[in-house]
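All remarks here apply to the structure that follows.
Just so we're on the same page: letters track the sequence lines, and every chain starts at 1. Heavy-atom basis, side chains included; hydrogens, waters and symmetry copies ignored.
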Protein chains: 2
Amino acid sequence: MVDSRKLKVDNGIKHILLYALAIATFIFILKWIQWKFLIVENAIHIYVGLIAILFTILGMWFTTQLLKPKTQTVFVEKHIIIQEPENFCLNQTALKKLNLTNREYQVLTLIVKGLSNAEVANELFLSLSTIKSHASSLYVKMNVKNRYQAMIKAKKMNIVK
Amino acid sequence: MVDSRKLKVDNGIKHILLYALAIATFIFILKWIQWKFLIVENAIHIYVGLIAILFTILGMWFTTQLLKPKTQTVFVEKHIIIQEPENFCLNQTALKKLNLTNREYQVLTLIVKGLSNAEVANELFLSLSTIKSHASSLYVKMNVKNRYQAMIKAKKMNIVK
DNA sequence: ATTTCCTTCATTCTTTAGTACCAATCACCC
DNA sequence: GGGTGATTGGTACTAAAGAATGAAGGAAAT
């Protein structure tokens, strides 16, 4: 029952569609003929128009080939951050006042680097005893109790890097 | 004598020039007439040609307007010198990476000041053993051998004043 | 409830730092 | 020639630092 009714409806729609298609085709043909006459009548204008379009494109293409691209220079600041550029300035006056001998100062610089007495001895090709001697005497001259305080004082006085 | 002979020559040249001019004018007129007929006969071609030229130029002009300029980026180095006179800025990131406990960091700050373990113990009201424990574990975490190196590393890493 | 981590403290032992005192060598100056 | 100071080195001793291990209490997470 449902199927037969559906079939009826389908047939109706089919006829309507066919009719519409016929009309559409007819209109299309008419329009086409109209266009054909238009083209025939305005052949010269269309020709000129096509030429214009063609040569416009040609001119554009030609230009892209010939024209050197204009360069626009953009300046961009590149920030380079420099951490204290070796601006260590040895405090000669303070160093002289301490009255350290050359060896003592040499030992001090290595102590400040964090080396142990044994390592300093190795570095300078000297015995541990010698380093201890120099270290002790430089502590007295710097008026400090041990290597840590010597380190801090030396850095504060700007007598070592 | 010299003058009269020169005059004769001048007269001869004048005639020749006039004659040449007449012929040239005649030829020019003829050519012009010929061109005129050519133009009339080929009016449509000339028209199309002019259109072509015009639109070629138009296309070229259009392209010059459309074409984006090629940007050239120039980096200008601007050096920014950062000095650290008093503006100590704690390096939180580095400090976190070390994974020190609160007490360990506290002990470190006092070690950096140059205090001995006994002094640190006094300062924090703790036993010497406790300070030694914290110190040892922070040396391991900082990957240093002793308090001097911890001092140097801590200052270099900007994790202490 | 158990585990994990932080904190605290202790003990033992080794290494390093520092003091004190001494001595040999060398260069320089009076 | 003798005095002075820098350099090098030694011994003996004390103090401090550091490693290794253990343990107990507490807070926080699972």
Side-chain angles (χ1 to χ4, degrees), chain A residues 90-157 159-160, chain B residues 90-157 159-160:
Chain A
L90 190 117
N91 189 347
Q92 301 271 5
T93 322
L95 186 54
K96 265 200 172 178
K97 273 189 183 173
L98 284 181
N99 202 28
L100 297 177
T101 68
N102 284 342
R103 270 306 200 202
E104 282 163 1
Y105 180 63
Q106 205 172 6
V107 171
L108 175 63
T109 60
L110 294 176
I111 282 174
V112 169
K113 278 189 186 174
L115 273 64
S116 69
N117 285 342
E119 288 169 330
V120 174
N122 248 348
E123 188 82 11
L124 301 180
F125 301 102
L126 296 175
S127 78
L128 183 59
S129 303
T130 309
I131 304 305
K132 281 189 175 186
S133 286
H134 291 315
S136 284
S137 73
L138 81 83
Y139 297 154
V140 172
K141 287 182 183 176
M142 288 181 74
N143 194 28
V144 294
K145 278 193 264 179
N146 49 46
R147 62 209 297 109
Y148 339 122
Q149 290 181 6
M151 220 162 136
I152 292 165
K153 196 160 186 176
K155 291 217 175 189
K156 200 170 269 181
M157 288 173 76
I159 59 173
V160 288
Chain B
L90 190 115
N91 189 344
Q92 301 271 5
T93 322
L95 186 54
K96 266 201 172 177
K97 272 191 181 171
L98 284 181
N99 204 26
L100 297 177
T101 67
N102 285 342
R103 271 304 202 201
E104 283 163 359
Y105 180 63
Q106 204 171 7
V107 170
L108 175 63
T109 59
L110 294 178
I111 282 174
V112 169
K113 279 189 185 176
L115 274 63
S116 68
N117 285 341
E119 287 170 329
V120 173
N122 247 348
E123 188 83 12
L124 301 179
F125 302 103
L126 295 175
S127 78
L128 182 60
S129 303
T130 307
I131 303 305
K132 282 187 175 185
S133 284
H134 291 316
S136 284
S137 74
L138 81 85
Y139 297 153
V140 172
K141 286 182 183 176
M142 289 181 74
N143 195 30
V144 293
K145 278 193 265 180
N146 48 47
R147 61 207 300 110
Y148 337 122
Q149 290 182 5
M151 224 161 132
I152 293 165
K153 195 158 187 178
K155 290 214 176 192
K156 198 172 268 180
M157 289 174 76
I159 58 173
V160 287

Using the rule given for side-chain contact (heavy atoms from CB on, under 4.5 Å), can you reason through Ile159(A) versus Leu108(A), listing the C-alpha separation, both sets of side-chain angles and the distance that settles it, and then say yes or no? CA-CA 10 Å; Ile159(A) 59 173; Leu108(A) 175 63; 4.1 Å; yes
Can you list the steps and then say if Leu115(B) with Tyr148(A) is a side-chain contact (heavy atoms from CB on, under 4.5 Å)? CA-CA 8 Å; Leu115(B) 274 63; Tyr148(A) 339 122; over 6 Å; no
CA sep, side-chain torsions, deciding dist, call: Arg103(A), Leu126(A), side-chain contact (heavy atoms from CB on, under 4.5 Å): CA-CA 11 Å; Arg103(A) 270 306 200 202; Leu126(A) 296 175; 4.0 Å; yes
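Ionic pairing of Lys145(B) and Glu119(A) is present here: one or more N-O contacts between side-chain nitrogen and carboxylate oxygen are shorter than 4.0 angstrom.
For Ser136(B), no side-chain nitrogen or oxygen approaches OP1 or OP2 of dG18(D) to under 4.0 Å.
For the residue pair Val160(B) and Ala154(B), the shortest heavy atom distance occurs at CG2-CB, 3.6 Å. When all heavy atoms of Met157(B) and Ala94(B) are compared, the closest pair comes out as CE-CB, 3.8 Å. The nearest pair of heavy atoms linking Tyr139(A) to Ile111(A) is OH-CD1, 3.7 Å.
Residue Tyr148(B) contributes atom OH, which lies 15 Å from atom P of dT15(C) at whole-angstrom precision. Atoms CG (Asn146(B)) and C1' (dA17(C)) sit 11 Å apart, rounded to a whole Å. Across the protein-nucleic acid pair, Arg147(A) atom CZ and dA17(D) atom P stand 12 Å apart, rounded to whole Å. Counting to the nearest Å, the P atom of dA17(D) and the OH atom of Tyr139(B) are 8 Å from each other. Between the C1' atom of dA17(C) and the CE atom of Met151(A) lies a distance of 14 Å, rounded to the nearest Å. Asn143(B) has its CG atom 15 Å from the P atom of dG18(D), to the nearest Å. Nucleotide dC5(C) holds its P atom 16 Å from the CG atom of Leu100(B), rounded to whole Å.
Of the residues Arg147(B), His134(B), Lys132(B), the one that meets the side-chain hydrogen bond (donor to acceptor under 3.5 Å, both in side chains) test with Asn117(B) is Arg147(B).
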Could you go over nucleotides 28-30 of chain D and give all protein N or O partners under 3.5 Å, atom names and distances?
none

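Within 6.0 Å of NZ on Lys113(A) lie no more than 12 heavy atoms contributed by other residues, nucleotides or ligands.
An end-to-end axis angle of 30° holds for the helix from dA1(C)-dT30(D) to dC30(C)-dG1(D), taken from five base pairs per end and rounded to 10°.
A search for side chain to side chain donor-acceptor pair (under 3.5 Å) contacts involving Ser133(B) returns nothing, not counting sequence neighbours. In terms of the side chain to side chain donor-acceptor pair (under 3.5 Å) criterion, residue partners of Thr101(A) (sequence neighbours excluded) are, by chain and number, Glu104(A).
Side-chain atoms of Lys153(A) come within 3.5 Å of backbone N or O of Met142(A) as a donor-acceptor pair.
You'll find the side chain of Leu124(B) reaches within 4.5 Å of the side chain of Val107(B), heavy atoms only.
DNA chain C lies under 4.0 Å from no heavy atom of any residue of residues 106-118 of chain B.
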At under 4.0 Å between heavy atoms, how does the protein contact nucleotides 5-15 of chain D? Give one character per nucleotide, 5' to 3', with B, S or -. -SSBBBB----
